[in-house]
J.: 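Sharing a structure here in C-alpha cells format.
Note: hydrogens, waters and symmetry copies are ignored here, and every other heavy atom, side chains too, is used.
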Amino acid sequence: MIDPRGPRFAAAVTTVVLAAVLITGSAWLLALQAAVFALAVLRGPSRSPYGLLYIRLIRPRLKPPAELEDPRPPRFAQAVGLGFSIVGLLGYLSGGTVIAYVAVGAALAAAFLNAAFGFCLGCEVYLMYRRIVSARSNRSPEVTP
C-alpha cells in the first residue's frame with residue numbers, strides 16, 4: 001500500500017518535465033522522463049525517482065496519510081505514460097514532430113489532471129479494466145439446448 005500523495009507529487013513533477021519537453025522539443029528530456037516511467041513500472045511508484053524524492057523530502061513534513069491505496073493502478077498509469085513517452089520519442093527521433101507533440105501532450109494532460117485535481121486517468125482505466133474482467137469471469141456459462 002502506498003501514500004496516495006506520492007503519485008500526485010510525481011504527477012506534478014511529470015507535468016513540469018513534460019511541459020518543458022513541449023516547449024524545448026528535447027528528445028533527451030523526454031527520454032529521461034521515459035526512464036522515470038519505466039522505473040516506476042518495474043520497481044513500483046514509491047520506488048521510482050519521483051517516489052523516492054517524495055518519501056525522503058516531502059512526506060516527513062506532512063501528517064500521515066488518512067488512507068493508503070493499492071499501488072497497482074498508479075503503476076498501470078505509469079506504464080501508460082511510458083507508452084506515450086515512447087511514441088513521443090519515436091516521433092521526435094524520426095522527424096514526426098506532430099506525433100511527438102500529440103503523444104507528449106496527451107501524457108501532459110493526464111499528469112496535469114492528477115497533479116491539479118487528484119484525478120488519475122490511468123488509474124481509472126485500470127479500474128475499469130479490472131471491473132470488466134471481473135464481470136466476465138463472474139458470468140455463468142450459457143447453457144445451450
Side-chain angles (χ1 to χ4, degrees), residues 1-139 141:
M1 300 301 279
I2 61 172
D3 181 342
R5 299 169 297 183
R8 194 165 179 186
F9 169 80
V13 176
T14 299
T15 297
V16 172
V17 171
L18 292 177
V21 168
L22 286 179
I23 291 167
T24 65
S26 172
W28 288 107
L29 188 55
L30 182 56
L32 288 174
Q33 180 59 51
V36 169
F37 282 139
L39 287 170
V41 171
L42 294 172
R43 298 172 61 197
S46 61
R47 292 179 34 217
S48 71
Y50 301 157
L52 293 172
L53 187 64
Y54 171 78
I55 288 169
R56 292 192 179 127
L57 299 179
I58 308 297
R59 187 173 178 179
R61 292 171 172 76
L62 303 174
K63 293 180 182 178
E67 57 187 32
L68 299 175
E69 73 178 14
D70 183 353
R72 291 177 294 182
R75 191 177 218 163
F76 177 83
Q78 295 293 301
V80 173
L82 175 60
F84 277 99
S85 294
I86 289 170
V87 170
L89 269 173
L90 292 173
Y92 279 128
L93 297 175
S94 69
T97 54
V98 171
I99 291 170
Y101 285 131
V102 169
V104 173
L108 172 60
F112 177 76
L113 282 173
N114 193 357
F117 305 108
F119 181 78
C120 177
L121 186 59
C123 299
E124 294 299 322
V125 170
Y126 174 84
L127 295 173
M128 187 182 329
Y129 168 76
R130 296 297 303 161
R131 283 191 288 269
I132 290 168
V133 168
S134 178
R136 286 189 177 178
S137 66
N138 289 334
R139 282 190 200 163

J.: Supply the atom-to-atom distance L29 CG to L18 CG, rounded to the nearest 0.5 angstrom.
T.: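 These two atoms lie 8.0 Å from each other.
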J.: Above 12 or not: heavy atoms from other molecules or residues under 6.0 Å from CZ of R72?
T.: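 Check fails, neighbour count at 12 or below.
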J.: Please report the closest heavy-atom contact between G105 and L22, naming both atoms and the distance.
T.: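 Heavy atoms of G105 and L22 come nearest at CA-CD1, 4.2 Å.
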J.: So do Y129 and V133 actually touch side chain to side chain, heavy atoms under 4.5 Å?
T.: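 With C-beta onward as the side chain, the pair touches.
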J.: Do you know which two heavy atoms are closest between A34 and L89, and how far apart they sit?
T.: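 Closest pair (atom of A34, atom of L89, distance): CB-CD1, 4.2 Å.
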J.: Determine, stepwise, if the pair L32 / W28 fulfils side chain to side chain contact (heavy atoms under 4.5 Å, CB included).
T.: CA-CA 6 Å; L32 288 174; W28 288 107; 5.9 Å; no
J.: Provide the closest heavy-atom pair for A19 versus L108 in the form atom of the first, atom of the second, distance.
T.: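 Smallest interatomic distance, heavy atoms only, reads N-CD1, 4.0 Å.
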J.: State which residues pass side-chain contact (heavy atoms from CB on, under 4.5 Å) with A12; sequence neighbours excluded, sorted by chain then number.
T.: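 In terms of side-chain contact (heavy atoms from CB on, under 4.5 Å), with neighbours along the sequence ignored, A12 is linked to A115.
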J.: What residues, two or more places apart in sequence or in another chain, satisfy side-chain contact (heavy atoms from CB on, under 4.5 Å) together with L57?
T.: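 Testing L57 for side-chain contact (heavy atoms from CB on, under 4.5 Å), a comparison that skips the adjacent residues, returns L53.
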J.: If you look at every heavy atom in V21 and Y92, which pair is closest and at what distance?
T.: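 Of all heavy-atom pairs spanning V21 and Y92, the closest is O-OH, 3.6 Å.
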J.: Hey, could you give me the CD1/CG distance between I86 and L93, rounded to the nearest 0.5 Å?
T.: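 I86 CD1 to L93 CG: 11.5 Å, rounded to 0.5 Å.
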J.: Return each pair, listed once, that meets salt bridge (Lys or Arg N to Asp or Glu O under 4.0 Å) where at least one residue sits in residues 107-134; pairs must be two or more places apart or across chains.
T.: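 Sorted result for residues 107-134: empty, none.
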J.: Verify the neighbour count for atom CZ of F112: are there more than 12 heavy atoms of other residues, nucleotides or ligands below 6.0 Å?
T.: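 No, the 6.0 Å shell around CZ holds no more than 12 heavy atoms from other groups.
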J.: Kindly indicate whether the side chain of P4, heavy atoms from C-beta on, has any atom under 4.5 Å from the side chain of P65.
T.: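 The answer is yes; the side chains approach within 4.5 Å.
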J.: What is the distance from atom OG of S134 to atom CG of L127, rounded to the nearest 0.5 Å?
T.: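 S134 atom OG to L127 atom CG measures 12.0 Å (nearest 0.5 Å).
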J.: Considering only distance and modelled atom types, tabulate donor-acceptor pairs under 3.5 Å from the side chains of residues 74-85, sequence neighbours left out.
T.:
unit_1	atom_1	unit_2	atom_2	d
R75	NE	V41	O	2.7
R75	NH2	V41	O	3.1
R75	NH2	L42	O	2.9
S85	OG	G81	O	2.9

J.: According to salt bridge (Lys or Arg N to Asp or Glu O under 4.0 Å), does anything in residues 91-103 pair up with another residue at least two apart or in another chain? List the pairs.
T.: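 Matches after skipping sequence neighbours: none remain.
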J.: If you count every heavy atom of other residues, nucleotides or ligands that lies below 6.0 Å from I99 atom CD1, does the total exceed 12?
T.: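 Result for CD1/I99: open.
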J.: Which heavy-atom pair separates M1 from D70 by the least distance, and what is that distance?
T.: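 Smallest heavy-atom distance, with atoms named: CE-N, 3.7 Å.
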J.: Return each pair, listed once, that meets salt bridge (Lys or Arg N to Asp or Glu O under 4.0 Å) where at least one residue sits in residues 50-69; pairs must be two or more places apart or across chains.
T.: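 For residues 50-69: D3-R59.
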J.: Check Y54 against P60 and note the closest heavy-atom contact, atom names and distance.
T.: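 Closest approach of Y54 to P60: O-CD, 4.2 Å.
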